[in-house]
Amino acid sequence: ASTLGAAAAQSGRYFGTAVAAGKLGDSTYSTILRREFNSITAENEMKWDATEPSRNSFNYGNGDRIASQARSQGAALRGHALLWHQQQPGWAQGLSGSDLRSAMMNHVTQVATHYRGQIHSWDVVNEAFADGNSGARRDSNLQRTGNDWIEAAFRAARSADPTAKLCYNDYNTDGINAKSTGIYNMVADFKNRGVPIDCVGFQSHLSNSVPGDYQANLQRFAALGVDVQITELDISGSNQAAVYASVTRSCLAVPRCTGITVWGIRDSDSWRQGENPLLFDNNGNKKAAYNSVLDVLNSA
Ligand code: G3I
């Protein structure tokens with residue numbers, strides 16, 4: 001196959017990108033988007049600050065623009081993200097305790113209901129574990145409403161949209177380490193107790209190398225009975241093409257690794273300005289990393 005999406009589809013997988021609604025009118029951008037990708041994640045437009053700028057008053061304009069783009073090109077849509085300690089609207093940042101808890105659950109229910117039937121996978125909870133060696137939850141206003149906030153969010157999302165796959169998503173969880181093990185233990189507990197969870201997202205913001213146990217880490221989560229997805233891939237450094245190939249091979253080697261999303265199209269679209277971590281250059285030309293990913297996908 002000659003495009004990323006079609007090549008990934010040969011093994012039943014998707015190849016996606018993060019999309020910004022404000023760039024859909026850029027013809028270089030939208031031409032690559034339509035040609036190469038069969039999954040789309042809203043880079044910012046479905047986050048809490050964007051969708052509920054004031055309490056219980058919802059704004060789905062830009063999120064719907066992205067959903068409509070996905071529909072028009074036959075791409076799957078990843079929802080990102082229902083609850084996160086960042087990009088909260090100011091009014092939510094000022095709440096705590098049971099008031100915040102009820103605002104959180106209302107947000108999950110309303111947004112998941114609005115997009116019901118349109119979402120392939122939702123990042124229900126994003127980045128809730130601490131960096132470093134504790135393996136513990138990250139301290140945040142969300143966490144301070146009670147340790148059960150994550151399972152409450154997954155239950156509310158399942159009720160609102162029974163057909164979306166429900167994912168937990170995080171970064172620096174790409175190898176086997178204290179943070180990924182903390183998440184692993186949470187997912188195992190959820191599966192044991194029947195808390196609805198279908199997938200774990202590994203953001204994979206990498207710098208010139210990938211942990212040697214990357215594939216083993218994906219595999220141990222898959223063995224718990226969840227899908228695994230590479231959700232925000234970008235890779236800096238001179239070894240870029242080889243590292244992209246290695247990440248792609250790892251996904252293909254894990255049957256429950258169902259797809260890969262890169263976090264933007266051209267280097268100029270990346271949140272990592274100056275690092276050129278994506279598959280297309282600023283002019284929309286394919287980079288060596290693009291060819292290495294395509295070759296691996298075609299070898300599956
Ligand atoms: O839209 C406003 C614009 O009106 C304003 O003039 C401009 C000036 O600051 O800001 C614009 O908003 C920015 C927004 O991106 C859209 O470009 C925000 O300031 C900026 O904070 C925001 O950054 C996003 C970041 O999440 C927020 O934390 C990045 O685009 C987005 O790529 C990034 O994505 C996250 C994932 O959601 C979760 N994992 C990590 C990843 C990278 O940080």
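Remember, it's 1-based here, ligands and their atoms both numbered in the order they're listed. Throughout, residue positions are numbered sequentially from 1 according to the sequence presented.
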Is there a side-chain contact between Phe280 and Asp269 in this structure, where contact means two heavy atoms from C-beta onward sitting under 4.5 Å apart? no
Short N or O distance, Trp271 and ligand 1, threshold 3.5 Å exclusive: no
Does Asp148 pair with Arg155 as a salt bridge, N-O distance under 4.0 Å? no
Heavy-atom protein contact below 4.0 Å for atom 36 (C) of ligand 1: yes
Within the structure, does at least one protein heavy atom fall under 4.0 Å of atom 24 (C) of ligand 1? yes
I'd like to check which ligand 1 atoms, numbered from 1 as shown, lie under 4.0 Å from a non-hydrogen atom of Gln203. 39 (N), 40 (C)
From the options Glu43, Lys47, Lys23, Gln86, select the one whose nearest heavy atom is closest to atom 26 (O) of ligand 1. Lys47
Which of parallel (below 30°), tilted (30 to 60°) and perpendicular (above 60°) describes His107 and Phe58? parallel
I need the contact type for Trp263 against ligand 1. Using non-hydrogen atoms and a strict under-4.0 Å cut-off, is it side chain, backbone, both or neither? side chain
Picking from Trp122, Trp48, Trp263, Tyr115, what satisfies ring pair (Phe, Tyr, Trp, His ring centres under 6.0 Å) with His80? Trp263
Per the ring pair (Phe, Tyr, Trp, His ring centres under 6.0 Å) rule, which among Phe190, Phe221, Tyr168 passes with Tyr184? Phe221
Residue, atom name and distance, where the atom is the protein heavy atom closest to atom 40 (C) of ligand 1: Glu232 OE1, 3.2 Å
Would you say atom 12 (O) of ligand 1 has a protein heavy atom nearer than 4.0 Å? no
For a side-chain hydrogen bond (donor to acceptor under 3.5 Å, both in side chains) check, start with the C-alpha distance between Lys165 and Gln229, then their side-chain angles and the critical distance, and finish with the verdict. CA-CA 11 Å; Lys165 289 182 183 286; Gln229 304 178 2; over 6 Å; no
State whether any protein heavy atom lies less than 4.0 Å from atom 32 (O) of ligand 1. yes
Contact region, Asn169 to ligand 1, non-hydrogen atoms below 4.0 Å, reads neither
What residue and heavy atom of the protein are closest to atom 15 (O) of ligand 1, and at what distance? Asn44 ND2, 3.5 Å
Using a strict threshold of under 4.0 Å (side-chain N to carboxylate O), is an ion pair present between Arg55 and Asp99? yes
Minimum-distance pair of heavy atoms, taken over all atoms of Val293 and Phe15: CG1-CE1, 3.6 Å
Which of the atoms of ligand 1 are close to Asn126, meaning less than 4.0 Å from one of its heavy atoms? 38 (C)
Element-labelled atoms of ligand 1 that are located less than 4.0 Å from some non-hydrogen atom of Gln87: 25 (C), 26 (O), 27 (C), 28 (O)
Below 4.0 Å from any atom of ligand 1, is there a heavy atom belonging to Arg272? no
Assess whether a salt bridge exists between Arg220 and Asp213, defined as any Lys/Arg side-chain N lying under 4.0 Å from an Asp/Glu carboxylate O. no
Please check atom 3 (C) of ligand 1 for a protein heavy-atom neighbour under 4.0 Å. no
Within a 6.0 Å radius of atom CG on Asn133, are there more than 12 heavy atoms belonging to other residues, nucleotides or ligands? no
Taking atom 6 (O) of ligand 1 as the reference point, report whether a protein heavy atom occurs under 4.0 Å from it. no
Under 4.0 Å from atom 28 (O) of ligand 1, can you find at least one protein heavy atom? yes
Between His114 and Tyr60, what is the ring plane arrangement, given parallel below 30°, perpendicular above 60°, and tilted in between? parallel
Please report whether atom 20 (C) of ligand 1 has a protein non-hydrogen atom at a separation of less than 4.0 Å. no
